[in-house]
Amino acid sequence: MLSGSKIILAICIALGVALAVSVYQRADHNAAHYIITGGDIITMDADGAFNTDGVTPTHVAIHGERIIAVGSKQEIQENIRWFTRTVDLKGQTLMPGMIDAHSHPVAGAVLNSWLDVSGFSYPKSEQVYAALKRKIAETPKGEVIQAFGLDTILTPDLVLPTRQLLDELAPDNPVFILSQIMHTAWFNSAALEASGYDDSVQDPPGGYFERSEDGRLNGVVHEEAMRMLLVDPSSGLLGKAKQLINIRRSFINEYNEYSKAGLTTITALGAAPMFDGYMAFLEHIATRSNSPVRTFLAPMVYELHKTEYTPNYENGLFRLAGVKFHLDGSPWTGGMATAEPYLENDFTLNTIKMSLNNRGILKYESEDFKAKWAQYHDAGWQISVHAHGERAHGLVLDAIEQAQLANPRPDARHRMEHLGLFTQSDIKRASKLGVNPSFFINHIYYFGPTIRDVLLGEERAERFMPLRWATENFEQVTLHLDAPAMPIDPWRMLKTATTRIPRFSDQPFNTSQLMSVQHALEAV
Ligand SMILES: [Zn+2]
C-alpha cells in the first residue's frame with residue numbers, strides 16, 4: 001500500500017510528465033495535434049472555394065487553435081507526430097466559419113425566451129392560437145406571457161388578436177404579443193393594468209394606441225407607444241418579467257444558436273435597446289473566454305451617448321464596428337422608401353393599412369440626415385444605414401458623397417443595409433464611393449411572391465435584391481440574416497441567394513439576379 005507522501009510523489013511525477021509532453025507538443029510548431037480528412041474541404045482560396053494554389057486539398061493539419069497546413073496527404077506528412085490524431089469527416093464538408101454581417105443578438109436573446117408565434121413556425125392561424133392557448137394553460141395565474149412573431153404575410157390567414165379576444169383567452173395573465181417586424185404589438189386588459197396604465201393613457205411622440213369609437217383602447221399598439229408597455233423602466237412588462245427569465249442564460253443560448261448554425265462572427269448592427277445596460281451586457285457575454293462567436297457592435301447613433309465607445313474600441317472577442325442609422329422602413333409594412341408608389345389592393349390598403357400613393361417613409365429630413373452623417377464621418381466612424389428603397393439609397397449616396405468631398409476618408413467603408421430596390425445606377429455610384437453593400441436576401445425566400453403580386457409588381461420584383469449587379473460592381477458583397485427578424489439559418493440564406501426559390505414553391509424567382517456559389521460563400 002502506498003503512503004500519502006508516495007501518492008503525492010506519484011501524482012507529481014505524472015503531472016510533470018504530462019506537462020513536459022504538453023510543452024514539447026506546443027514547442028514543436030510544425031506538429032499537428034489533429035489531421036482532418038475524409039470529406040470535401042472548402043478553403044475559400046482566391047482561385048476557388050475548393051482550391052488552394054489551384055489544387056483540391058484532402059487534408060488539414062491543426063496545431064493548437066491554428067491551421068498549419070492544407071494540402072494532400074503527402075504535403076502534410078511532415079506535420080505528423082506520434083501524438084497526432086486523425087479526425088474523419090466521414091464525407092461531410094469542412095469550411096471556414098461564417099460571418100453574419102447584420103444581426104440583433106440583444107433582441108434575439110430577450111425574444112428567444114418568449115413564446116414563438118411566428119409564421120416561420122406556424123403558417124396557419126389556428127396553429128398560432130393553439131400555441132398561445134397551450135402557453136396560457138401552463139402559465140401560473142398572474143405571470144406575464146410574452147409572445148413574438150405575429151405576421152400577416154407569413155401567416156396569411158392570421159386572425160389578428162384584439163384586447164377582447166386576449167381577455168377571453170387569458171383573463172388572469174398579462175399578455176403582450178410583438179409582431180415579427182417589431183413595430184406593432186397586441187395586449188390584453190391585464191397587461192394594461194400591470195403596466196400601470198388605463199384607457200386614459202396619452203399617446204407618446206412617435207407612437208400611438210389604437211382606440212375603438214368609444215375611446216377605449218382596443219389592444220393594438222404601435223411604435224413608441226409599445227415601449228411604454230414593454231421597456232419603460234417604471235411601467236414596462238419586460239422589467240416585471242425579467243425576474244422570471246435568466247437573461248444571461250438567454251444570451252448564452254442565443255450565442256450557442258449562432259455557433260450551431262456555423263457562424264463564428266456576428267455584427268450586432270444597431271443593437272435593440274431592450275433594457276437598461278444592454279450594451280454593457282452584450283460586451284460581457286461577448287468577451288467570455290469560451291464564447292464560440294466573435295462580436296462586432298455598431299450602436300444606434302442615438303444610443304451612442306450611453307457608452308464611452310470610440311471607433312477603435314476592442315476588448316478580446318468584442319469590437320466596435322461603427323454606428324448605425326435607420327433611414328427608411330420595411331417593405332412588409334409599406335415603410336420602404338420607394339421611388340414609385342406601392343401597389344394598391346385589398347391587402348396593402350386594408351390589411352397593412354397603407355395610405356393611397358404610399359411611397360414609404362424617410363425618418364430624417366435630407367439636410368438633417370446629411371449633417372448627421374458628416375458628423376459621424378468626421379469623427380472617424382464607419383457608418384451603416386438601413387436603406388431598403390430607392391429614395392433612401394439616393395439620400396445615403398448624397399450624404400456619403402458630400403461627407404467625402406469635405407473630408408476624404410478613402411478607408412471609411414460605409415455600409416448600406418438590406419438594399420431591396422438598389423438600382424443599377426445607384427450600385428455603380430455606391431461602388432465608386434467605396435460603399436460596402438449588405439443584402440437581406442431571405443426576403444426572396446419568405447416574401448418573393450408577395451413582393452411581386454401584392455407589394456411592388458413584376459418590374460420591381462425582377463430587380464429586387466440585385467445580387468448579380470452587386471457582385472459585378474463591388475469587390476465585397478455581404479449577405480445577412482437579420483435575426484431575430486428571420487431565423488438564424490445561414491444555409492437557407494446561401495440556398496436562396498444561389499437558387500432564388502421561395503418558400504412553398506418550386507418556381508425560381510427573378511433568376512437574372514442569381515449569385516454564384518463561389519460569390520455566395522464569399523459573402524458570408
Ligand atoms: Zn436589422
Side-chain angles (χ1 to χ4, degrees), residues 98-112 118 120 148-149 151 153-154 178-184 223 226-227 231 254 257-258 261 263 265-274 278-279 282 293 295-304 320-337 360-364 382-389 392-393 396 414-422 435-447 464-465 477-490 492-493 496-497 523-524:
M98 288 183 278
I99 300 168
D100 189 358
H102 181 143
S103 194
H104 299 284
V106 179
V110 172
L111 297 175
N112 75 17
S118 73
F120 303 121
F148 167 54
D151 188 88
I153 296 178
L154 295 168
L178 185 62
S179 71
Q180 183 62 38
I181 53 142
M182 300 188 256
H183 292 262
T184 304
E223 305 288 349
M226 281 185 332
R227 301 176 54 80
V231 294
E254 186 74 358
E257 290 301 314
Y258 288 126
L263 297 164
T265 301
I266 58 157
T267 301
L269 208 69
M274 301 292 284
Y278 67 98
M279 281 190 273
L282 181 65
V293 174
T295 307
F296 289 83
L297 168 68
M300 295 303 301
V301 284
Y302 54 79
E303 292 279 303
L304 192 61
L320 263 278
V323 292
K324 184 186 176 194
F325 282 96
H326 258 146
L327 185 53
D328 65 350
S330 163
W332 330 353
T333 54
M336 169 172 70
I361 45 158
L362 289 176
K363 299 184 180 179
Y364 295 83
Q382 181 184 20
I383 310 171
S384 57
V385 55
H386 173 124
H388 240 311
H393 304 146
V396 171
H414 296 314
R415 293 181 46 165
M416 292 172 72
E417 305 298 309
H418 305 332
L419 301 171
L421 288 172
F422 216 12
V435 166
N436 278 5
S438 194
F439 289 87
F440 195 172
I441 184 62
N442 268 343
H443 274 275
I444 297 293
Y445 180 71
Y446 289 108
F447 306 107
F464 201 76
M465 295 287 157
V477 173
T478 60
L479 300 174
H480 60 252
L481 291 162
D482 207 6
M486 289 191 192
I488 301 175
D489 187 351
R492 159 70 50 223
M493 177 169 79
T496 304
V524 294

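Read the numbers this way: they start at 1 and go in the same order the structure lists the ligands and their atoms. Only a predicted model underlies this, so the values are computations on that prediction, with no experimental measurement involved.
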Within-2.8 Å protein N/O/S contacts of the Zn ion (ligand 1): His102 NE2, His104 NE2, Asp482 OD1

Suppose we call two aromatic rings close when their centres sit under 6.0 Å apart. Are His326 and His388 close by that rule? no

Taking only residues two or more places apart in sequence, or in another chain, which ones meet Tyr445 in a ring-ring contact (aromatic ring centres under 6.0 Å, His included)? none

List the residues meeting salt bridge (Lys or Arg N to Asp or Glu O under 4.0 Å) with Glu254, not counting sequence neighbours, and say none if there are none. none

Have a look at Phe440 and tell me which of His386, His480, Met493 forms a side chain to side chain contact (heavy atoms under 4.5 Å, CB included) with it. His480

Which residue in the set Leu421, Leu419, Ile441, Asn442 passes side chain to side chain contact (heavy atoms under 4.5 Å, CB included) when paired with Met465? Ile441

Residues passing the ring-ring contact (aromatic ring centres under 6.0 Å, His included) test with Tyr258, sequence neighbours excluded, are Tyr255

